[in-house]
Amino acid sequence: MAQHQVISPLPGIFYRRPSPDAPPYKQDGDPVKAGDIIGLVEVMKQFTEIQADVDGKVVRFLVENEAPVAPEEPLLLIETA
Amino acid sequence: MAIEVLKPGLATTVQDAGRPGYYHLGIPLSGALDQYALRLANLLVGNDEGAAALEAALLGPELVFRKPALVAVTGGEALPRLNGQPAPRNAAFAVKSDDRLAFDYMKLGARLYIAVAGGIDVPAVLGSRSTYGLGALGGFAGRKLAPGDVLPLRDAPAGRPGRAAPAELVPSYPKELELRVVTGLYFHRLTEESAATFFADVWTVAPEADRIGYRFRKGRALAFRPRRQPFGAGSDPSNIVDAGYPYGSIQVPGGVEPIILHRDAVSGGGYAMIGTVISADMDRIAQMQPNNTARFVRVEMAEALAARADYKARLGRLRAALAP
C-alpha cells in the first residue's frame, strides 16, 4: 500500500471544516478522490480550498484543526490503492 | 498581448516605487512592500529601479509570455520554473513567446517580485503604476490580478540575460527576526509593565497580515494607563483623539494585537501609536510569513538614521554592481 501526503501550498491557519458548526470535510478512513476538498487554509483574510491530488483512503490528518501551517507542510496522509 | 495570467496566485499586484506625496489626502504610499527586492529585480533586467513589476504574496502566479522578454525574479524563496524547468532567482533570464512561468512553494519570505524588461505598461495614476487595492486605484484595473488578465509591457531595448546579483547583496529571509522600533508619541500611555513586555515578548505574525498592516499576536496583552477619556476619543484606553498615522507606526487596538501599518495603510485614525518601525526594517516585514516571529528592539533616532544610511549605501552598492 503506497501512502501519499497532501501538502499545504501556503502558510496560514488550517481548518478541517467549511464553517465552525459544519462537519469536517473528511474523517479518518473516508474514501477520497483527487479534487475532493480536504480543508481550508486561511491567510490574508482569504480561505484557500485544499484539494486531494490522488484517489485513495484517508489514513489520518497530520495537523490539527486551526493549527498554523507552513508552505510545503504535509496536511493529510492518504493510502492509495 | 504581452503577459497573460493563467493563475494569479493569492494576491498578485502591479507595484512600483510607490505613490508618495498624497498620504495627507488619504492616498497611501503603496508600491512594492519590499522595495529592495523590487529594485534588485528591475536593475537585473536593465529597467529604472522603480519601474512597475509584479508583486506576488505567499503564492507565485502562473504566467504565459506572449512575446519574448527578459525577466528577473527576486524576493521570497520560491523556485521559478520556466516550462517546468528550474529558472534562476536573482538573475536575468530570457523567455520566448508562449513560455510559461510558474513557481514552487514559497519556502522562505513572503513576497516575490517579477520584473520584465521595459516594465508593466499600465497607466500611471498620481505619478505611480502601483496598485492600491482598497481604493481601487492604479495598477491593473485597481485590483489584484485575475485569471485571463493580459498585462501590456513597455518596449525595451534588447536586454542581457545572465546578469546576476552578487550573493552578498541578496537578502536572506529568516523566520525569526528583530525589528527595530523608535518609541512614539503615545508610548507613555502604556503601563510600565506593558512598556517592558512589548519589547521582551516574541510576537507571531497573524494570518491577517497584508499590505495594509502586519498584525502580530501571542505576546502578552498590553495595558494602557487609566486616563480621563478626552473629548473626541473612543472609550477604550487604546483610543486617542484622531491623529495622522505614520508609515511603519504600531497601534494596538484594545491592547491585544500590535499592528504595524505598511504601504497600503489608512492615513489616520483613533488608535494610540506606541512606536514606529524604522524605515530600514520595513522591507523585512514585507518578507515575514504568517507564523514567523519577531521581537521588537528599542532604538533611538540616531540608530534609526544610521540604519537608513546603511540601507541606502547597500542600494548604492547594488546599483554599482548592476550598472549597465
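Proteins come first, then strands; the chains are lettered A, B, ... in the order of their sequence lines, and each starts at number 1.
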Legend entry - Any residue of residues 201-215 of chain B which, by heavy atoms, sits under 4.5 Å from chain A: B:Pro207, B:Glu208, B:Ala209, B:Asp210
Inset, instruction - Answer with side chain, backbone, both or neither: which region of B:Ala57 has an atom nearer than 4.5 Å to a non-hydrogen atom of chain A? - result: side chain
Legend entry - Proximal component of B:Leu10, with respect to chain A [non-hydrogen, under 4.5 Å]: both
Inset, instruction - Would you please name every residue forming a salt bridge (Lys or Arg N to Asp or Glu O under 4.0 Å) with A:Glu79, sequence neighbours left out? - result: none
Inset, instruction - Sort by residue number and list every member of residues 49-72 of chain A having a non-hydrogen atom under 4.5 Å from chain B. - result: A:Pro68, A:Val69, A:Pro71, A:Glu72
Inset, instruction - Under the side-chain hydrogen bond (donor to acceptor under 3.5 Å, both in side chains) rule, collect the residues that match up with B:Glu62, sequence neighbours excluded. - result: B:Arg100
Inset, instruction - Would you kindly say whether B:Ser130 and B:Asp16 are connected by a side-chain donor-acceptor distance under 3.5 Å? - result: yes
Legend entry - Side chains of B:Asp283 and B:Gln35, donor plus acceptor under 3.5 Å: no
Legend entry - Heavy-atom side-chain contact between B:Lys7 and B:Pro61 under 4.5 Å: no
Inset, instruction - Could you tell me whether A:Asp36 and A:Lys33 make a salt bridge, using a distance below 4.0 angstrom between a side-chain N and a carboxylate O? - result: no
Inset, instruction - Check whether any side-chain N or O of B:Gln15 sits under 3.5 Å from a backbone N or O of B:Thr131 as a donor-acceptor pair, and report yes or no. - result: yes
Legend entry - Ring-ring centroid check B:Phe296 B:Phe216, cutoff 6.0 Å: yes
